[in-house]
Amino acid sequence: MEKVKVVAPATLSNLGSGFDVFGMALAEPFDHIEARKTSEPGVTIEAIEGWGAEGITTDATLNSAGVAAAEVLKKCEADFGIALTIKKGFRPGSGIGSSGASAAGGAVAANILAGKKLTPRDVVVCAAESERVTSGSFHADNVGPCVLGGFSVIRSYEPLEIKRVQPPKNLGIVIVMPSFTVKTLDARAVIPQQVALHDMIYEVGNAASLVLGMCYEDIELIGKSMSDVVIEPARAKLNPGLNEAKAAAIEAGAAGAFLGGSGPCVIAAYDLTHVDGQTILEAMLGSYERAKIAIDKTWITTWGEGCRSL
C-alpha cells in the first residue's frame, strides 16, 4: 500500500474520576489523516486544513501527527518516508482530544503503510510519545481509545498496559464547547501534587465503580461515578461556567457530567433510551447563556470504534 486515509475520532479523557487512566472514543467528531509513502526518509506535513488549522505547526518534529508517524517508522525500521495531510474536524484546545486524534491518526496511518508491523498497544505507545512533545507529558488516555475504540483503562504506564472495555450501547453523550480555549500545559500546571487520604479513597471508589458500570451496562452507576474531587476543582478556575453547566445537565436528566480533559468542553452522559439528549443540551446552553459565555459548537453523540481506514 502506497497511501492511506484514516479517520481519527475525538475522545473523552478522565471521565471525571479516572485522571490520565480512563478514555473513550466518540462516534463524532473526527479528523481525517491522509498519508503516502515517499522515497525520502522521515515525515513531512504537506498541508493542514479545517478548524484551527492556521494555529497548527507544519513542522513534523513538533506536529502531533508527524511525531507519532515518525515514532512508528522508527520502531518498524522503515526504509521509506511519509507525507501527511491533516484535515481537522474539531479545534485544538477543545478538551476532547484534538492533538490525540491527530497523533493516533498519524500513528495508525504509518503502521498501515508499514504493513501493520506494530501491535495496537505499540501504536498507542507511538501516539503517546507524540503527546509528550505536544503537551509536555506521556499520557495515553486520549490516544489509547482513539486507536482501540470504546472505553479504555490504563492499568500501568511503566510499561504501558491498556485494556479495552465495550461501553453500553445506550450510552448517550452531549458535548458543549465554549468559545474559549484551555492549553493542556496550563491545565496540568494547576493540578495538586499531593492529595488527602480521604480524597484518594473517594477517587478510587468512583473510578472502580465507573468500570463496573461499564461492565454491567449500568449508566446510572457510570454517571454517579464520574464525580471528581481532585482534578476538576483545580481546573474550574480555567473553565468558567463548568459547575453550573454540569448541574444543569444533571437536573435535565443526565446520569453524570464532567470536564472534558483540560477543558473547556463539558460532557454529559445519559441513557439515550430514556432521556432526550436535546433536553440536556438546551439546559447546558441555558446555563452558559446566563453566564454570558459564548459557545462554539455542540454535539449529541455516543461512543465510537476508534481509528479506521477509508
Side-chain angles (χ1 to χ4, degrees), residues 5-14 23 25-26 28-35 42-71 82-110 126-143 146 175-190 235 237-242 259-267 288 293-299 307:
K5 294 182 180 180
V6 170
V7 170
T11 51
L12 306 179
S13 61
N14 305 340
L26 294 171
E28 59 174 333
F30 41 80
D31 287 353
H32 285 88
I33 310 292
E34 296 185 19
V43 178
T44 57
I45 309 293
E46 290 190 316
I48 304 175
E49 307 168 354
W51 198 353
E54 66 281 355
I56 303 174
T57 181
T58 56
D59 182 343
T61 65
L62 299 175
N63 178 282
S64 57
V67 174
E71 287 289 329
I82 288 180
L84 296 172
T85 298
I86 303 164
K87 185 174 182 179
K88 297 297 296 179
F90 56 108
R91 67 169 168 82
S94 60
I96 52 174
S98 179
S99 66
S102 294
V108 168
C126 292
E129 283 293 347
S130 171
E131 292 278 64
R132 190 199 305 274
V133 173
T134 58
S135 66
S137 67
F138 180 97
H139 60 278
D141 51 344
N142 287 114
V143 297
C146 196
I175 306 169
V176 175
M177 181 188 290
S179 59
F180 60 89
T181 61
V182 178
K183 294 181 179 179
T184 302
L185 286 172
D186 294 338
R188 286 189 171 267
V190 301
R235 288 177 166 175
K237 62 185 178 183
L238 302 177
N239 290 276
L242 165 64
L259 177 68
S262 300
C265 274
V266 179
I267 318 299
Y288 279 112
I293 297 173
I295 301 300
D296 264 358
K297 183 72 174 177
T298 65
W299 292 271
C307 289

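All figures in this text were calculated on a predicted structure; none of them were measured in a lab.
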Practice task
Provide the closest heavy-atom pair for Ile48 versus Thr58 in the form atom of the first, atom of the second, distance.
Solution key: CD1-CG2, 3.8 Å
Fill in the blank from the handout: Shortest non-hydrogen pair, Cys307 vs Pro9, comes out as N-CD, 3.8 Å
Handout entry: Closest non-hydrogen atom pair between Ile293 and Pro240, with its separation
Key = CD1-O, 3.3 Å
Exercise for the section: Enter the distance from Leu259:CG to Asn239:CG here, rounded to the nearest 0.5 Å. Expected result: 4.5 Å
Handout entry: Separation of Tyr288 OH from Ser179 OG (nearest 0.5 Å)
Key = 10.0 Å
Completion exercise
side chain to side chain donor-acceptor pair (under 3.5 Å) filter on Thr57, not counting sequence neighbours, yields none
Completion exercise
Heavy atoms of Phe90 and Ala101 approach each other most closely as CZ-CB, 3.8 Å
Handout entry: Student check: side-chain heavy atoms of Asn63 and Leu84 closer than 4.5 Å
Key = no
Completion exercise
Distance col, row Ile86:CD1 vs Glu49:CD, nearest 0.5 angstrom, shows 10.0 Å
Problem - Spacing of OG1 belonging to Thr11 relative to CZ belonging to Phe30, to within rounding of 0.5 Å - result: 14.0 Å
Handout entry: side chain to side chain contact (heavy atoms under 4.5 Å, CB included) partners for Ser64, two or more places apart
Key = Ser99, Ser102, Ala103, Ser130, Thr134
Practice task
Start with the C-alpha gap between Ile96 and Ile267, add the side-chain angles, then the distance that decides, and say whether side chain to side chain contact (heavy atoms under 4.5 Å, CB included) holds.
Solution key: CA-CA 9 Å; Ile96 52 174; Ile267 318 299; 4.1 Å; yes
Problem - N/O donor-acceptor pair under 3.5 Å between Arg235 side chain and Gly261 backbone - result: yes
Handout entry: Inter-residue atom distance Met177.CE - Arg91.CZ, 0.5 Å rounding
Key = 5.0 Å
Handout entry: Any side-chain heavy-atom pair of Trp51 and Asp296 under 4.5 Å
Key = yes
Exercise for the section: Report the distance from atom SG of Cys146 to atom CG of Asp31, rounding to the nearest 0.5 Å. Expected result: 8.0 Å
Exercise for the section: Could you tell me which non-hydrogen atom of Val182 sits nearest to which non-hydrogen atom of Ala187, and how far apart they are? Expected result: CG1-CB, 4.1 Å
Completion exercise
Nearest heavy-atom approach of Thr181 to Pro92 is CG2-O, 4.2 Å
Practice task
Please examine the side chains of His32 and Val7, heavy atoms only from C-beta on, and report whether any two atoms are closer than 4.5 Å.
Solution key: yes
